[in-house]
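Report on one structure; see the data block that follows.
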Amino acid sequence: MARILITSAIPYINGIKHLGNLVGSQLPADLFARYNRARGHEVMFICATDEHGTPAELAAAKAGKPVAAYCAEMHDVQAEIARGFRLSFDHFGRSSSQRNHLLTQHFAGKLAEAGLIREVEESQIYSIDDHRFLPDRYIEGTCPNCGYESARGDQCDNCTKQLDPTDLINPHSTISGSTNLEVRKTKHLYLRQRSLRDKLEAWIDSKKDWPILTTSIAKKWLNDGDGLQDRGITRDLHWGIPVKKGDQIWPGMEGKVFYVWFDAPIEYIACTAEWADAQGLPDAAWQRWWRTDMGAQDVSYYQFMGKDNVPFHTLSFPATILGSGEPWKLVDYLKSFNYLNYDGGQFSTSRGRGVFMDQALSILPSDYWRWWLLSHAPESADSEFTWENFQVSVNKDLADVLGNLVSRVTKFCVAKFGSEVPSAGEFGEQEARLIEDLGTRIKDYAACMETMEVRKASAELRAIWVIGNEYLQAAAPWTVVKTDPERAQAMIRLSLNLIRVYAILSAPFIPDAAAAMMAAMGTEDWTWPDDVAAAMTALPAGHAFRVPENLFRKITDEERADWQQRFAGIRT
RNA sequence: GGCGAGGUAGCUCAGUUGGUUAGAGCACACGACUCAUAAUCGUGGGGUCGAGAGUUCAAGUCUCUCUCUCGCCA
């Protein structure tokens, strides 16, 4: 039994994520977690909400709520939706937790001890009316070059010239519109990533089996231009983790907080501590996942994320870990995803384009979405969601191939032999061939799951469903029953056992349907079918089963047209 | 403008270190079957692998040029 640590990129707090966000991290991570649990491994699957930073403050202000209350509320909303999608986190934590405060401050202290922090005094625009420093993107004004009136603090979108906020004519805050701005000196901490560059590169180079997408992004940041840059890790905000050196005050940094991208990945660790706290377990329980000096030396750590998160996970976070000089677990395999596009364009949170997680669940159960998203995961390139494709995939794969198979077997048995596994007859050559074929395919499927080849795994699973139909079609028990009922009984006995095996194999993709299949077969035996022949006799003669409700319904043309129109425009 | 990723059957996509007639699913056509959610199974048609040139005994797979799409950055 292996020990497997899995983290999904943590979603930002200010709103509900769309399907593109889901398929890029949480969902494939869940697939992998469920598969590894099914194989009997010890799994720790962690996710959380990423709660700090200016966007959270602004979203809270817009909602008319204190930011802490807003985040608590939105965390619950996201947690509920995650449950709706059956995301099987061992813990869904919060980057604003006390655990993360302490751990983030701890890391900062260790980095300072190692001489990897430098203090920099810089000038920034302060909005007197907003009572805050304004990041570049929150300042607009007239471009001194082209006269464009909505130039941002860092660059003019019209003439594309790079700007300094102080260059702008009539600068104003995009938060309040206030022009009551001034330049103030402020001091910030920078992490000396440059001095860790070679160490990071050596570490990246040691990861021969990582996807090209992952290593190429990391290499680009390491080598592009002047190479890896030192990075500011503090901000002049109120909402965040107060800057401290371990548990000590950091002179000159009073009232400042750590930058959200500094504390967010540390939450992976802190979240595991939150899990231990919630379980009433001692620190050793989470440390054995994260500290190689406290039992984590045999842990395999997998991260899942969209490609936009790769630089932070290949460089920034490892810089924090390596720089601390402490024996924390580094990621072993990083699985990154491209983007999912929506019907000819991009999903857009700001424009409300596409399907958001809550909307998806309001029109169809999670299994439908899980199946489509995972079987079309943007692994090697960006991929595209269209309603036609969704409708066809769901109707064909889930309703026709799998759902109907369960129907035809169970209903035929009840009609001809009753609602217990029939006892007569022996397995013959056809059954032996099926068992052999199934054994091969299950191995192929498992291999894809282990290497996290999500689309391939879904294709293998579908092929496994198909051979059930092929077998039935060739065996034709509905014909055989007329001349040799005992032989037909053997066929159906096998087919009922096949349903149980399919439930086990399918559970990582479609957990609800799998549970329904298992319940219909009247068993709780989820043992992975390493021995297919044995698995085909797991439900013994005389074992009671029942006909389940249809596992999947079909999406009609009218529904498809309706949804296509409904989700094309603006989310209100 | 720079960098990166891509342009493979009507659609969504696979195609390992270059090597026999380029694959899958869906869609389409025909056939089989009738247990089942008008479901299933089989057979078949369909691609000059974005364009052009080059390297090679051999290129979707390497090199160059061009073109289109999409990102990121300045």
For atom [atom1] of [X] and atom [atom2] of [N], their distance in whole Å:
X: A/Leu373; N: B/U12; atom1: CG; atom2: P; value: 17 Å
X: A/Asn338; N: B/C13; atom1: CG; atom2: P; value: 11 Å
X: A/Leu340; N: B/C70; atom1: CG; atom2: C1'; value: 14 Å
X: A/Tyr342; N: B/U12; atom1: OH; atom2: P; value: 16 Å

Taking the same atom, [atom1], in [N] and in [M], what whole-Å distance lies between them?
N: B/A24; M: B/G18; atom1: C1'; answer: 23 Å
N: B/A58; M: B/U21; atom1: C1'; answer: 15 Å
N: B/G23; M: B/G47; atom1: P; answer: 13 Å
N: B/A32; M: B/A9; atom1: C1'; answer: 27 Å
N: B/C13; M: B/U8; atom1: C1'; answer: 10 Å
N: B/C41; M: B/U34; atom1: P; answer: 16 Å
N: B/C28; M: B/C11; atom1: C1'; answer: 12 Å
N: B/U55; M: B/U61; atom1: C1'; answer: 14 Å

Any strand is fair game: report the nucleotide pairing with [N] by Watson-Crick or G-U wobble, both distances under 3.5 Å, or none.
N: B/U63; answer: B/A53
N: B/C28; answer: B/G44
N: B/U37; answer: none
N: B/A58; answer: none
N: B/G4; answer: B/C70

Quiz item: When the ring planes of A/Phe337 and A/Phe304 are compared, do they come out parallel, tilted or perpendicular, using 30° and 60° as the limits?
Solution: parallel
Quiz prompt | side-chain hydrogen bond (donor to acceptor under 3.5 Å, both in side chains) between A/Trp465 and A/Ser506, intermediate numbers included | solution = CA-CA 9 Å; A/Trp465 295 340; A/Ser506 308; 3.0 Å; yes
Quiz item: Taking the six-membered ring of A/Tyr259 as reference, does the NZ or CZ atom of A/Arg235 fall below 6.0 Å from its centre and within a 45° cone about the axis?
Solution: yes
Quiz prompt | A/Lys554 NZ/CZ over A/Phe552 ring centroid, <6.0 Å and within 45° of normal | solution = no
Exercise. When you get a sec, tell me which of B/C41, B/A36, B/U37 is the closest nucleotide to the side chain of A/Asp400?
Key: B/U37
Quiz item: Which nucleotide sits closest to the side chain of A/Glu470: B/C41, B/A36, B/U12?
Solution: B/C41
Any chance the side chains of [X] and [Y] put a donor and an acceptor closer than 3.5 Å?
X: A/Glu384; Y: A/Tyr342; value: no
X: A/Thr440; Y: A/Asp444; value: no
X: A/Tyr445; Y: A/Glu450; value: no
X: A/Gln391; Y: A/Asp557; value: yes

Quiz item: Ring centroid separation for A/His313 and A/Tyr268, is it under 6.0 angstrom?
Solution: yes
Quiz item: Looking at A/Trp387 versus A/Trp372, is the centre-to-centre ring distance below 6.0 Å?
Solution: no
Quiz item: Which letters describe nucleotides 25-35 of chain B, given B = protein heavy atom under 4.0 Å from base, S = only from sugar-phosphate, - = neither?
Solution: SS------SSB
Quiz item: Contacts to RNA chain B from residues 548-559 of chain A, heavy-atom cutoff under 4.0 Å, which residues?
Solution: A/Asn550, A/Leu551, A/Phe552, A/Lys554
